[in-house]
A.B. asks: 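Structure provided below as structure tokens; questions to follow.
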Amino acid sequence: MTPQAGGRPDLKGMLLAAYGLNRRGGLDTATAAKDLGVTQRTVQRWVASAGHQRIAAPKRDTLSALMKKARQAATTQRGRKAALAAVRASKQGKALANHGGHIRIRGHQGPSAAGKTYKRDREIRLELSPSEVEAMWSAYEQGGDKAFSSWITDHADIQYVAGWEFERIDEMHLGR
């Protein structure tokens, strides 16, 4: 998994990938704790901000198990389906499914036409209807990053600018 600044693993990212969100929209620390064989409070201390009884990192075997779970969640259809089930069941997921939303994408991107490319580092915002939110989730669930990338490129080409391409995506945010 991608390390944070300072070379530390991104524990929040791994927990989110492996266990998703709880009903209130926060990390599902209860399920993570049960699965990893630690207390919920221990998981909460892993992700606490500095100065809040923080535990720097899990023990080596626990970290290995968490990394494996996060990798499986992102690279297997079963894992992606489970992660998206948690997203769909969350308050934000239900709002997106019922009302649509938007996705902001920051990275190296832009249109290409007539043999010229106009790609640069930028951020765009694409509006999503409820059916487009579901189509985006389904693309990721069925085919992972590659299918999502294809779907979002097609969506941007139709809804934003013809010929739009993503060379690199650095950050995404899905919101209402």
Side-chain angles (χ1 to χ4, degrees), residues 1-21 25-28 47 49 57 63 66-176:
M1 299 273 61
T2 306
Q4 291 178 319
R8 290 187 17 189
D10 179 7
L11 295 174
K12 285 184 183 179
M14 288 189 289
L15 288 164
L16 181 61
Y19 302 103
L21 302 173
L27 287 174
D28 192 349
V47 297
S49 56
L63 180 59
L66 175 57
M67 290 174 77
K68 181 178 178 182
K69 289 276 186 185
R71 188 172 43 256
Q72 287 173 338
T75 60
T76 65
Q77 186 173 356
R78 185 171 141 220
R80 292 187 301 268
K81 185 174 184 171
L84 281 173
V87 170
R88 285 179 171 116
S90 71
K91 184 178 177 181
Q92 182 183 15
K94 288 177 183 177
L96 288 165
N98 292 328
H99 306 291
H102 65 270
I103 187 167
R104 285 191 337 255
I105 303 172
R106 188 176 56 79
H108 199 77
Q109 56 191 312
S112 294
K116 288 191 165 194
T117 184
Y118 300 93
K119 293 178 189 166
R120 63 180 171 86
D121 287 341
R122 63 177 94 203
E123 182 176 303
I124 65 169
R125 177 182 162 133
L126 303 170
E127 297 301 319
L128 302 170
S129 69
S131 63
E132 290 166 336
V133 169
E134 184 54 42
M136 179 184 66
W137 286 341
S138 294
Y140 176 71
E141 184 176 282
Q142 298 300 313
D145 291 347
K146 196 176 234 182
F148 169 79
S149 181
S150 178
W151 184 88
I152 199 69
T153 299
D154 291 345
H155 185 72
D157 181 64
I158 295 165
Q159 299 292 328
Y160 194 64
V161 173
W164 197 266
E165 298 174 344
F166 297 92
E167 185 173 299
R168 184 186 76 244
I169 295 175
D170 298 326
E171 184 179 326
M172 291 187 302
H173 174 75
L174 184 62
R176 269 273 312 121

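Side-chain atoms are counted along with the backbone in the values below, which use heavy atoms only and exclude waters and symmetry mates. Residues take their numbers from the sequence shown, with the count starting at 1.
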A.B. asks: Can you name the side-chain hydrogen bond (donor to acceptor under 3.5 Å, both in side chains) partners of His99, sequence neighbours left out?
C.D. replies: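 His99 satisfies side-chain hydrogen bond (donor to acceptor under 3.5 Å, both in side chains) with no other residue.
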A.B. asks: Could you state the interatomic distance from CG (Leu66) to CZ (Arg71), rounded to the nearest 0.5 Å?
C.D. replies: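 Reported to 0.5 Å precision, the distance equals 10.0 Å.
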A.B. asks: For a quick test of reading the model, state the closest non-hydrogen atom pair linking His102 to Arg125 and the distance between them.
C.D. replies: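 So the minimum-distance heavy-atom pair works out to ND1-NH2, 3.3 Å.
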A.B. asks: Surrounding CZ of Arg168 (heavy atoms of other residues, nucleotides or ligands, distance under 6.0 Å), is the total greater than 12?
C.D. replies: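 Count over threshold, so yes.
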A.B. asks: Quick one: pull up OG in Ser129 and CD in Gln159 and give me the separation to the nearest 0.5 Å.
C.D. replies: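 So the gap between those two atoms works out to 8.0 Å.
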A.B. asks: Ignoring hydrogens and geometry, is there a side-chain-to-backbone donor-acceptor pair from Ser150 to Lys146 under 3.5 Å?
C.D. replies: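 Looks like no, no N/O pair under 3.5 Å.
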A.B. asks: Which pair of non-hydrogen atoms, one from Thr117 and one from Ser112, has the smallest distance, and what is that distance?
C.D. replies: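 Taking Thr117 first and Ser112 second, the nearest heavy atoms are OG1-OG, 3.2 Å.
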A.B. asks: Restricting to non-hydrogen atoms, name the atom on Ala73 and the atom on Ala18 that form the minimum distance, rounded to 0.1 Å.
C.D. replies: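 Residues Ala73 and Ala18, closest heavy atoms: CB-CA, 4.0 Å.
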A.B. asks: Keeping the roles fixed (side chain from Arg122, backbone from Gln109), state whether a donor-acceptor pair exists under 3.5 Å.
C.D. replies: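 Yes; judged by distance alone, with no hydrogens or angles, the pair exists.
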A.B. asks: Nearest 0.5 angstrom please: Glu127 CD to His155 NE2, how far?
C.D. replies: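 Between Glu127 CD and His155 NE2, I get 8.5 Å after rounding to 0.5 Å.
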A.B. asks: Side chains of Lys119 and Glu165: closer than 4.5 Å at any heavy-atom pair?
C.D. replies: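 Heavy-atom side-chain distance check passes, below 4.5 Å.
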A.B. asks: Do you know the tightest heavy-atom contact between Pro111 and Val161?
C.D. replies: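 Heavy-atom minimum between the residues: CB-CG1, 4.0 Å.
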A.B. asks: So, taking the atom named OH in Tyr160 and the one named OG1 in Thr153, what distance separates them when rounded to the nearest 0.5 Å?
C.D. replies: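 Separation between the atoms: 14.0 Å.
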A.B. asks: Check whether any side-chain heavy atom of Ile103 sits under 4.5 Å from a side-chain heavy atom of Ile152, and report yes or no.
C.D. replies: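 Yes; the side chains approach each other to less than 4.5 Å.
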A.B. asks: Looking at every non-hydrogen atom in both residues, tell me the closest pair between Tyr19 and Lys69 and how far apart they are.
C.D. replies: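 Looking at all heavy atoms of both residues, the shortest contact is OH-CG, 3.7 Å.
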A.B. asks: Can you name the nearest heavy-atom pair linking Leu126 to Ala156, along with the distance?
C.D. replies: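 That would be CD1-CB, 4.1 Å.
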A.B. asks: Check residues 133-143 and write down every donor-acceptor pair under 3.5 Å in which the side-chain atom is one partner and the other belongs to a residue at least two apart or another chain.
C.D. replies:
residue	atom	partner	partner atom	Å
Glu134	OE1	Arg88	NE	3.4
Glu134	OE2	Arg88	NH2	2.7
Glu134	OE2	Ser138	OG	3.1
Ser138	OG	Glu134	O	3.0
Glu141	OE1	Arg88	NH1	2.9
Gln142	OE1	Gln77	NE2	3.0

A.B. asks: Mind jotting down which residue pairs meet the salt bridge (charged side-chain N to carboxylate O under 4.0 Å, His left out) criterion with at least one end in residues 91-106? Sequence neighbours excluded, please.
C.D. replies: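 Checked against salt bridge (charged side-chain N to carboxylate O under 4.0 Å, His left out) - neighbours excluded - the pairs reaching residues 91-106 are Arg104-Glu123, Arg106-Asp170, Arg106-Glu171.
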A.B. asks: Just so I know, are the side chains of Leu174 and Val87 near enough to count as touching, which here means a heavy-atom distance under 4.5 Å?
C.D. replies: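 Leu174 does not reach Val87 side chain to side chain.
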A.B. asks: Start with the C-alpha distance between Phe148 and Arg80, add both sets of side-chain angles, then the distance that settles side-chain contact (heavy atoms from CB on, under 4.5 Å), and finish with yes or no.
C.D. replies: CA-CA 12 Å; Phe148 169 79; Arg80 292 187 301 268; over 6 Å; no
A.B. asks: Just verifying a value: how many Å separate Met67 CE and Leu11 CG, rounded to the nearest 0.5 Å?
C.D. replies: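 It is 9.5 Å, given to the nearest 0.5 Å.
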